[in-house]
Number of protein chains: 2
Amino acid sequence: MRMSEGVEWALHCCLTLGWLGSDRTVPTAKLAATFELPPAYLNKHLQALTRAGVLASSPGARGGFRLARPAEKITLLDVVTAIEGRDGAFRCTEIRRRGAGAGRDPQEFARQCVITTGIRRAEMAWRRELAAQTLADMMARAPAAAVERTRHWYAKG
Amino acid sequence: MRMSEGVEWALHCCLTLGWLGSDRTVPTAKLAATFELPPAYLNKHLQALTRAGVLASSPGARGGFRLARPAEKITLLDVVTAIEGRDGAFRCTEIRRRGAGAGRDPQEFARQCVITTGIRRAEMAWRRELAAQTLADMMARAPAAAVERTRHWYAKG
DNA sequence: GAATAAGTACTCGGATATAAATTGTCCGAGTTAGGCAGG
DNA sequence: CCTGCCTAACTCGGACAATTTATATCCGAGTACTTATTC
């Protein structure tokens, strides 16, 4: 149950874009160079963020990506689900209906099985915690030196 | 970020073993037949549960698996980590140190990055919720009819 | 100098290739219970 | 009736194969900015 590496990439990129402000657009190549990531693959993730409405993209020369809305309104959950998809980690395959459960009254399975209920409860706690943290929170918590260096890195290019 | 199907298998097996009582041992083949699962692969998961101390196994004829301790003392987290491993879903690869971050004062990276902190917080909420639910809770919550049918299924074999 | 055309830089989306994790199978070795033969 | 051996049933552990997912690359099409050209 490993989370895609793309989540880390996406969050770092969002943080960077937040620091630069939404009036500036940054092309994929520049973001990829910032973290030494494969440009084409990073682009795929940025596109996913764009489809999810987290980022906005401008085509053409001097185009690139920027945050689609204020950092206060972007949660960690928004970014994670954009990359990982909407589905939860656990998928119930209803094995209780097979084998010993075959041929039983369908009404016996009307309620979801207790296992699914239990795991879903944990997943909801996870989502709730992710939704409670915004990009703005992250930006505020980061050391000032890192922000300064990042802005400087983007100033020259 | 999909959770292994083995978690569902493991939990259903633990539930079954709990209903049958820890004085009785059940071989892999019987458990596999109960849910129509591939016996050899299920066995691999049962072994993982045994290594984790959730199940106990007896070799030899009339051998098999049983719960290693009372259901009250087995949490969902115990089972999930036995199958999925001890590591969390998110792994920080420290991309902040690469590219723009290369050559900076190492002390600047002394604290873990805000992204890791944020995601870890959510993972801890997830683990806390899993640890709060025991096998005994699941057993109590399941419909009595299902328990009865399971016992009957195992009575004849 | 303004309008227009060509060129350049960039994103978008899909097709495709490669690496890795998951899922599933197989087999040999070790262990125990129960049956069987010999005394 | 007792003892020792044999066999069947089972786990254990590792090697291996198949399948799916994650990672990564490439290219054509479309879009916007810039420059060059024309009037």
Side-chain angles (χ1 to χ4, degrees), chain A residues 1-10 13 17 24-33 35-68 80 82-85 87 89-91 93 95 157, chain B residues 1-10 13 17 23-33 35-68 80 82-91 93 95 154 157:
Chain A
M1 203 191 70
R2 179 90 90 265
M3 186 177 275
S4 161
E5 209 176 345
V7 171
E8 185 186 8
W9 299 3
C13 287
L17 291 175
R24 163 135 187 214
T25 96
V26 182
T28 300
K30 187 75 179 168
L31 281 170
F35 301 111
E36 288 177 16
L37 303 175
Y41 189 34
L42 174 61
N43 185 265
K44 203 162 223 180
H45 290 313
L46 296 177
Q47 284 179 33
L49 288 166
T50 304
R51 275 194 298 276
V54 173
L55 298 186
S57 66
S58 326
R62 310 192 66 79
F65 294 90
R66 61 181 195 281
L67 295 185
V80 169
I83 303 296
E84 292 283 332
D87 301 352
F90 181 78
R91 179 176 50 180
T93 60
I95 63 174
Chain B
M1 203 191 71
R2 178 92 91 264
M3 185 176 274
S4 162
E5 209 176 346
V7 171
E8 185 185 9
W9 299 3
C13 287
L17 291 174
D23 52 335
R24 161 129 188 221
T25 105
V26 181
T28 302
K30 187 75 179 167
L31 280 170
F35 302 110
E36 288 178 17
L37 302 175
Y41 189 35
L42 174 61
N43 185 263
K44 209 163 220 182
H45 290 313
L46 297 178
Q47 284 180 33
L49 288 167
T50 303
R51 275 194 300 276
V54 173
L55 299 185
S57 67
S58 329
R62 310 196 67 77
F65 294 89
R66 62 180 194 282
L67 294 186
V80 170
I83 304 296
E84 291 283 331
R86 195 163 278 101
D87 301 352
F90 181 78
R91 178 175 50 178
T93 61
I95 62 173
Y154 279 90

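What you see is a predicted model; the values in this text were computed from it and never measured.
Rounded to whole Å, atom P of C/dT11 lies 12 Å from atom CG of A/L17. Distance B/M1 CE to C/dA21 C1': 16 Å, rounded to the nearest Å. In this entry the distance linking CZ of A/R66 with C1' of C/dC10 reads 14 Å, nearest Å. If you take CG of B/N43 and C1' of C/dG30, they are 14 Å apart, rounded to a whole angstrom. Taking atom CZ of A/R24 as the reference point, atom P of C/dC10 lies 12 Å away to the nearest angstrom. Rounding to whole angstrom units, CZ of residue B/R91 and C1' of D/dT23 are separated by 13 Å. If you take NZ of B/K30 and P of D/dT11, they are 13 Å apart, rounded to a whole angstrom. Rounded to an integer number of Å, the gap from CE of B/M3 to P of C/dT23 is 12 Å.
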Under 3.5 Å between N/O atoms: give me all the protein pairs with nucleotides 32-37 of chain C, atom names plus distance.
residue: C/dT32; atom: O2; partner: B/A61; partner atom: N; Å: 3.0

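Phosphate contact (OP1/OP2 of D/dT23, side-chain N/O of A/Y41, threshold under 4.0 Å): present. Between B/S4 and C/dT23 there is a side-chain N or O to OP1 or OP2 distance below 4.0 Å. Side-chain N/O atoms of A/T28 include one lying less than 4.0 angstrom from OP1 or OP2 on C/dT11.
Scanning all heavy atoms of the two residues, the minimum distance from A/E84 to A/S4 falls at OE2-N, 2.6 Å. The two residues B/A68 and B/G53 make their nearest non-hydrogen contact at CB-O, 3.3 Å. Nearest heavy-atom pair across B/T93 and A/E8 is OG1-OE1, 2.7 Å.
In the set D/dT25, C/dG24, C/dT11, the nucleotide with an atom closest to the side chain of A/F65 is C/dT11.
Atom CE in B/M3 sits 10.5 Å away from atom CD1 in B/I83 (nearest 0.5 Å). With rounding to the nearest 0.5 Å, the separation of CE in B/M1 from CE in A/M1 is 5.5 Å.
Legend: residues meeting side chain to side chain contact (heavy atoms under 4.5 Å, CB included) with A/A61, ordered by chain and number and at least two apart, are absent. Scanning for side chain to side chain donor-acceptor pair (under 3.5 Å) contacts around B/E5 gives an empty result, with sequence neighbours left out. Residues satisfying the side chain to side chain contact (heavy atoms under 4.5 Å, CB included) criterion with B/T50, sequence neighbours excluded, are B/L55, B/S57, B/F65.
The stretch residues 44-53 of chain B comes close to DNA chain D through B/K44, B/Q47, each having a heavy atom under 4.0 Å from the strand.
No engagement by B/G6 is indicated, since no non-hydrogen atom pair under 4.0 Å with the nucleic acid exists.
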All N/O donor-acceptor pairs, side-chain side in residues 40-49 of chain B, below 3.5 Å, sequence neighbours left out:
residue: B/N43; atom: OD1; partner: B/Q47; partner atom: NE2; Å: 2.5
residue: B/N43; atom: ND2; partner: B/T28; partner atom: OG1; Å: 2.7

